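We name chains A, B, ... by the order of the sequence lines, and we start the count at 1 in each one. This is a predicted model, so every value here is computed, not measured.
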Amino acid sequence: MLVLNGESFTSGRSQFLDSHPRFLESTAKIFVKVEFPGLEKRFLAQIDTGAAYSMLEAQTAEELDLFGQKGHTARISTRIGTFNGRLVRIPLTLVADEGTSLDLEGTFFVSREWNGATFLGYVGLLDRLRIALDSPANLFYFGEGG
Amino acid sequence: MSSAPKPRYDEQDEGLRIEEQIRSLLAEGQIWEAQKLFNASGDLLPADSTLREILSPPRIRKSNVRDVDRSPEFHWIRTCGVEYQGKWVALVGENLVESSDSLKELLAKLGQRKFERVPLIHHLI
């Protein structure tokens, strides 16, 4: 994996998807592979360093039975509108093709109103990880922050 | 002349006040501000406040889970995804194994079926 000043910088690597079927060219969207305990399938989640919080797509939240859990009422403004929901703590795995995957437990915004993608946001998740992109090769490097 | 004794509950009151302030900020959508106030509050928040859990840093540990090369699945999304706009799809290699309007139905369709690799699920929105 990546090494900085002789020390390990990241521990895992995975391919990412930067295409959207509606557009022929590559987009600025970066989808990485994740797994949610209990669903045991691979899902794609979008990296969004501009997002205040990570957000979970409503149907995925429903399958994980998150709407029945306690959480703090919160509201999030996005470019497509404002959504009411709750902040809940959930586990997920950032899955590596090579090297070591990471089990994470972070705070996500969940709302029955949110039918957009699942986002891995900056605050409370990415801000504690080391991440790097090899864009020409569509490779996403990640590791635990120092 | 001695100064007036400081009430013992000062810090407790302050903690409750900050907790209420953070809750209000979250409810108003001011998440950055709520997080900043939480970070600055130190030990003032009540020990049993659930905000401590919600706003604390993520827990991270290494995992043995490993995935395979998903180039075939990504190729399918790039080339065929447009025909399934709005659908949930389950892909194994270049094969679409199931599709549905809902994740619940998709997972039910997949059931206990066995595949040579774990299906990749994506919502084509």
#### Entry: Between Gly106(A), Gly85(A), Gly99(A), Gly143(A), the one whose heavy-atom pairs under 4.5 Å with chain B are most numerous
Gly99(A)

## Note on the structure
The reported gap from CG in Leu17(A) to NE2 in His75(B) (rounded to nearest 0.5 angstrom) is 12.5 Å

### Query
With hydrophobic residues grouped by side-chain heavy-atom distances under 4.5 Å, do Ile30(A) and Leu129(A) end up in a single group?
yes

### Task
Indicate, with yes or no, if Phe38(B) and Leu126(A) share a hydrophobic cluster defined by side-chain heavy-atom contacts under 4.5 Å among Ile, Leu, Val, Met, Phe, Trp and Tyr.
yes

## Note on the structure
Checking heavy-atom separations under 4.5 Å from chain A, one finds in residues 49-59 of chain B Thr50(B), Leu51(B), Glu53(B), Ile54(B), Leu55(B), Ser56(B), Pro57(B), Pro58(B), Arg59(B)

## Note on the structure
Here the gap from Glu144(A) atom CD to Lys62(B) atom NZ, rounded to the nearest 0.5 Å, amounts to 5.5 Å

### Summary
Turns out that what part of Thr79(B) lies under 4.5 Å from chain A's heavy atoms comes down to neither

### Summary
OG1 (Thr73(A)) and CZ (Arg23(B)) are apart, to the nearest 0.5 Å, by 9.0 Å

#### Entry: Sub-4.5 Å side-chain heavy-atom contact between Leu120(B) and Leu44(A)
yes

### Message
Checking Gln59(A) against Ser102(B): is there a side-chain donor and acceptor pair closer than 3.5 Å?
### Response
no

### Task
Go through the atoms of Thr93(A) and report whether side chain, backbone, both or neither lie under 4.5 Å from a heavy atom of chain B.
side chain

### Shortest non-hydrogen separation from Ser101(A) to Val65(B) and the atoms involved
OG-O, 2.5 Å

### Query
Who wins among Gln30(B), Lys104(B), His123(B), Arg117(B) for the most heavy-atom pairs under 4.5 Å with chain A?
Lys104(B)

### Query
Based on non-hydrogen pairs under 4.5 Å, which of Ile76(A), Leu125(A), Thr82(A), Asn84(A) is most in contact with chain B?
Leu125(A)

### Query
Can you check whether Leu26(B) reaches Phe109(A) side chain to side chain, under 4.5 Å on heavy atoms?
no

### Query
Same cluster for Phe142(A) and Val3(A) if Ile/Leu/Val/Met/Phe/Trp/Tyr side chains link at under 4.5 Å?
no

## Note on the structure
Nearest heavy-atom contact between Asp69(B) and Gln15(A) is OD1-OE1, 2.9 Å

### Message
Could you see if Leu124(B) belongs to whatever hydrophobic cluster contains Phe31(A)? Use Ile, Leu, Val, Met, Phe, Trp, Tyr and a side-chain cutoff under 4.5 Å.
### Response
yes

### Message
Can you tell me which portion of Asn64(B) sits under 4.5 Å from chain A's heavy atoms? Options are side chain, backbone, both or neither.
### Response
neither

### Message
With a 3.5 Å distance limit and no angle check, can you tell me whether Arg78(B) reaches the backbone of Asp18(A) through a side-chain donor-acceptor pair?
### Response
no

### Query
Where the side chain of Glu63(A) meets the backbone of Leu103(B), is there a donor-acceptor pair that is under 3.5 Å apart?
no

#### Entry: Thr118(A) versus chain B, the contacting section by heavy-atom distance below 4.5 Å
neither

### Task
Using non-hydrogen atoms and a 4.5 Å limit, figure out which bit of Phe83(A) sits close to chain B: side chain, backbone, both or neither.
neither

## Note on the structure
Between the CZ atom in Arg66(B) and the OG1 atom in Thr100(A), the distance rounded to the nearest 0.5 Å is 7.0 Å

#### Entry: hydrophobic_cluster_shared for Phe9(A) and Tyr141(A), side chain cutoff 4.5 Å
yes

### Segment of Val68(B) engaging chain A (4.5 angstrom heavy-atom cut-off)
backbone

#### Entry: Region of Leu107(B) that comes under 4.5 Å of a non-hydrogen atom in chain A
side chain

### Message
Sub-4.5 Å heavy-atom contacts with chain B: which residues of residues 32-43 of chain A show up?
### Response
Lys33(A), Glu35(A), Leu39(A), Glu40(A), Lys41(A), Arg42(A), Phe43(A)

### Query
Does the side chain of Ile60(B) reach to within under 4.5 Å of the side chain of Asp103(A), using non-hydrogen atoms?
no

#### Entry: Max heavy-atom pair count under 4.5 Å with chain B, selected residue of Leu102(A), Asn138(A), Leu94(A)
Leu102(A)

### Task
Sort Asn115(A) into side chain, backbone, both or neither according to what part of it lies under 4.5 angstrom from a heavy atom of chain B.
backbone

### Query
Heavy atoms, side chains only, cut-off 4.5 Å: are Glu57(A) and Trp88(B) in contact?
yes

